[in-house]
Amino acid sequence: MVRLYHLALDGEEHSLLLRGLDSLKDELKNGKDMEDCIEAVNKLIVKVGKAPVKKFKVIERDNDAR
């Protein structure tokens, strides 16, 4: 069974996520036998980078109002 996850990120968060994944990939390159991990991180970078942008409205409500 495949599970899908959705993240709500603004532009800055999206950029931070991609930079963090790239930094992780660079750190993994220094390790031994990490090719599988590097490949997984590369796939994740592509998925996050090509993920469609969907705009939505955030409605904040007071939880004490119930």
Side-chain angles (χ1 to χ4, degrees):
M1 178 167 94
V2 175
R3 291 187 179 186
L4 300 178
Y5 295 92
H6 300 272
L7 297 174
L9 303 172
D10 63 21
E12 184 179 345
E13 292 168 332
H14 185 260
S15 178
L16 285 171
L17 179 59
L18 287 173
R19 283 186 293 195
L21 288 169
D22 192 49
S23 293
L24 174 62
K25 184 178 72 171
D26 290 340
E27 288 180 31
L28 290 172
K29 285 181 181 179
N30 294 330
K32 296 179 181 177
D33 300 324
M34 300 302 279
E35 282 77 24
D36 291 340
C37 293
I38 293 169
E39 185 178 336
V41 171
N42 279 335
K43 287 180 181 180
L44 189 55
I45 289 170
V46 170
K47 281 186 178 185
V48 170
K50 290 186 175 184
V53 175
K54 183 176 182 180
K55 293 187 178 191
F56 59 92
K57 190 175 192 177
V58 176
I59 300 173
E60 294 184 30
R61 67 178 192 194
D62 187 9
N63 289 334
D64 296 331
R66 293 183 191 185

When rounded to the nearest 0.5 angstrom, what distance separates CG in Leu17 from CG in Asp22?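 One finds 11.0 Å between CG of Leu17 and CG of Asp22.
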Would you mind listing the cluster partners of Met1? Hydrophobic ones only (ILVMFWY), side-chain contacts under 4.5 Å, chaining allowed.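 For Met1, no cluster forms, as it stays isolated from other hydrophobic side chains.
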Which ILVMFWY residues are connected to Val2, directly or by a chain of links, through side-chain heavy atoms under 4.5 Å apart?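 Hydrophobic cluster check, Val2: joined to Leu4.
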[X]: which residues meet the side-chain contact (heavy atoms from CB on, under 4.5 Å) condition with it, sequence neighbours left out?
X	result
Glu35	none
Leu28	Leu24, Met34, Cys37, Ile38, Val41
Asp10	Glu12, Glu13

Contacts of type salt bridge (charged side-chain N to carboxylate O under 4.0 Å, His left out), residue Asp26, not counting sequence neighbours: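 Once residues adjacent in sequence are excluded, Asp26 has no partner under the salt bridge (charged side-chain N to carboxylate O under 4.0 Å, His left out) criterion.
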Taking salt bridge (charged side-chain N to carboxylate O under 4.0 Å, His left out) as the definition, give me every residue that meets it alongside Lys43, ordered by chain and number, with sequence neighbours left out.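 Lys43 satisfies salt bridge (charged side-chain N to carboxylate O under 4.0 Å, His left out) with Glu39 only.
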Donor-acceptor contact present, side-chain Ser15 to main-chain Gly11, <3.5 Å: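 Pair absent, no side-chain N/O of Ser15 close to backbone of Gly11.
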Enumerate donor-acceptor pairs with a distance under 3.5 Å from any side-chain N or O in residues 44-56 to protein atoms, sequence neighbours excluded.
none

Transitive ILVMFWY side-chain link Leu7 to Leu21, under 4.5 Å: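 Yes; tracing contacts between hydrophobic side chains, which count when under 4.5 Å, links both residues.
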